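Working notes for the structure below.
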2 protein chains.
Amino acid sequence: MRYHKIADETIRRLPIYLRGLLSLSEQNQANISSKDMADILGVNPWQIRKDFSYFGVFGTAGVGYNIKKLIKQIKKILKLDVVHKAALVGAGNLGLAILAYPDFGIYGFDIAAAFDTNPKKIGRKVKNITIEDVSNLSTLKKRKINLAIIAVSWDKAQQTADALVKAGIKGILNFSPCYIRVPKKVKVITIDIATDLARLPYYMPAS
Amino acid sequence: MRYHKIADETIRRLPIYLRGLLSLSEQNQANISSKDMADILGVNPWQIRKDFSYFGVFGTAGVGYNIKKLIKQIKKILKLDVVHKAALVGAGNLGLAILAYPDFGIYGFDIAAAFDTNPKKIGRKVKNITIEDVSNLSTLKKRKINLAIIAVSWDKAQQTADALVKAGIKGILNFSPCYIRVPKKVKVITIDIATDLARLPYYMPAS
DNA sequence: TCTCAATAGAGTTCACATTCACAAAGTATT
DNA sequence: AATACTTTGTGAATGTGAACTCTATTGAGA
Ligand SMILES: NC(=O)c1ccc[n+]([C@@H]2O[C@H](COP(=O)([O-])OP(=O)(O)OC[C@H]3O[C@@H](n4cnc5c(N)ncnc54)[C@H](O)[C@@H]3O)[C@@H](O)[C@H]2O)c1
Ligand SMILES: NC(=O)c1ccc[n+]([C@@H]2O[C@H](COP(=O)([O-])OP(=O)(O)OC[C@H]3O[C@@H](n4cnc5c(N)ncnc54)[C@H](O)[C@@H]3O)[C@@H](O)[C@H]2O)c1
């Protein structure tokens, strides 16, 4: 039996739909059909309709979906209708790139703190964020930060996760190429860039 | 009907298995059981056995799998048994982080060229790679580079992909939050960091 | 040599996801 | 008002993958 009523694969697609809808909304478009949306995002129209039907969005036959209404619904389902403060751990090459990225805000994220162990990094200020020593991780709960991004060297990933869990973090985006052990109530999503790259040659025609 | 005989989900897991096996191999371990491997990588033992059975790897009952043999087989299936030269397009925050990453080599990748449009970046040297002007993309075919990483600003992603296809690129790892249109024979894998982050709150218990 | 524990590999079942087709419901046109 | 057209929403069919079971095989130790 599934705990969440909406299929995981649908949840995976919702942020993609949301991204497209936000862009259309900026262009002051009011409605869109599943077909047009499919063209823009590179998915099937019936997949879009099926996904929406799971959570009872009602479009209008002959017209399509109201973009603003749809954005609101998807944000609500994904719990993106409130701002989420996030912490970055590991201000190395990848970590600093993430810290510099301005567009997490469209989904309602605010990277509000950054941590490292390297004394050369600690105290540096990036985009109004002062990099702190990892010993400060324990202050996260007080600061109402319950989401973290791990970008430390792989051999420190597990211990970082342990510290984050202790600090009350509920969700982790992990960039290290490691399986991270956490209590069941904590959700980890891992992005392993190298393994994704490693899938590519399999699908490439022989040169 | 599927074109490739091995399931996509299996292919997705193979690089993860490979990563674990390479690490064990360095520690001079000879054999490993599906159970122990499952513990290390955080997957099910029967999933591992089923995946291996698809391509006829034969382990030894009572002993497990021979690590060196298994590495060789997985590399062959993923076509990682030869070195793949890759090009990076977009030497910004993310691009430079990728260029600096030393561990793509374990899968047999060699980032052999980098491109940008910004005159301030062009000519800069990073890890023996001199950043070139994008007009040089046309030289990729001659240089036997058939794999590229897109890390340009999102609004330039499609035109970059078009240029890459024209230059004979067969596989693209795309970091821009965009659907990229390419001919069928070209494979695109997109890593959209923000949409992955956006899935996290849905799975987090209410704080 | 026999027995037992460990473990692979194949088969089965179940759960989930995608695709398709079409009726129902709306809009636009005449 | 009637007709033609567009687009949604969903039930059914199909496809895919995960979970689990069972049996055969192997290695090691009595
Ligand atoms: N850069 C890439 O393209 C890339 C690709 C694939 C995977 N990764 C993974 O992402 C992670 C980060 O990569 P990177 O390239 O930024 O590495 P990096 O070495 O540039 O940065 C790591 C940073 O983490 C800090 N750090 C180390 N231990 C720490 C600890 N215990 N607590 C807090 N900070 C700590 C270091 O001081 C450093 O600043 C690594 O796990 C790497 O394997 C990176
Ligand atoms: N940095 C992140 O954490 C992050 C997160 C999610 C998505 N992304 C995506 O990754 C991509 C790169 O992000 P970034 O943070 O490195 O951006 P960035 O602005 O730091 O870098 C973009 C680089 O691309 C170069 N460029 C622009 N147009 C080009 C062209 N036509 N050809 C070649 N080079 C060109 C620019 O000169 C710049 O150096 C973007 O599409 C972004 O949306 C980044």
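Small disclaimer: the values here were computed from a predicted structure and weren't measured. Protein chains get the first letters and strands the later ones, always in sequence-line order, with residue 1 at the start of each.
The shortest distance between side-chain heavy atoms of B:L197 and A:L147 falls below 4.5 Å.
Using a 4.0 Å cut-off, no side-chain N or O of B:N44 falls inside it from OP1 or OP2 of D:dA18. Taking only side-chain nitrogens and oxygens, B:R49 comes nearer than 4.0 Å to OP1 or OP2 of C:dA8.
In this structure, the side chain of A:K75 does not engage the main chain of A:G108 through any donor-acceptor pair within 3.5 Å. Listed for the B:Q27 side chain is a donor-acceptor partner under 3.5 Å among the backbone atoms of B:S23.
In this structure, B:D51 atom CG and C:dA10 atom P are separated by 13 Å, rounded to whole Å. Atom pair A:N66:CG and C:dT27:P shows a separation of 13 Å (rounding to whole Å applied). One atom, CE of A:M37, and another, P of D:dT8, lie 10 Å apart when rounded to the nearest Å. With rounding to whole Å, B:Y65 atom OH is found 16 Å from D:dT25 atom P. A straight line from CG of B:N31 to P of D:dG27 spans 10 Å, rounded to a whole angstrom. Separating the CD atom of B:E9 from the P atom of D:dA19 is a distance of 11 Å, rounded to the nearest angstrom. Regarding A:W46, its CH2 atom lies at a distance of 15 Å from the C1' atom of D:dG9, rounded to whole Å. The separation between A:L70 atom CG and D:dT7 atom P is 16 Å, rounded to whole Å.
Distances from the side chain of B:F58 to the nucleotides D:dA18, C:dG9, C:dA25 place C:dG9 closest. Taking every side-chain heavy atom of A:Y54 into account, C:dT18 is the closest of C:dT18, D:dA19, C:dA17.
Note on A:V57: only backbone sugar-phosphate atoms sit closer than 4.0 angstrom, heavy atoms only; bases stay farther off. If you check every strand for non-hydrogen atoms under 4.0 Å, B:S34 touches sugar and phosphate atoms only.
Nearest-nucleotide positions on DNA chain C for A:K50 and B:V63 put B:V63 closer to the 5' end. Each of A:R13 and A:T60 lies near DNA chain C, and the nucleotide nearest A:R13 is the one positioned closer to the 5' end.
Taking the six-membered ring where the residue is Trp, B:Y17 and B:F52 present perpendicular rings, their angle passing 60° and hence far from 30°.
A donor and an acceptor atom, one from each side chain of A:S135 and A:D133, are located under 3.5 Å apart.
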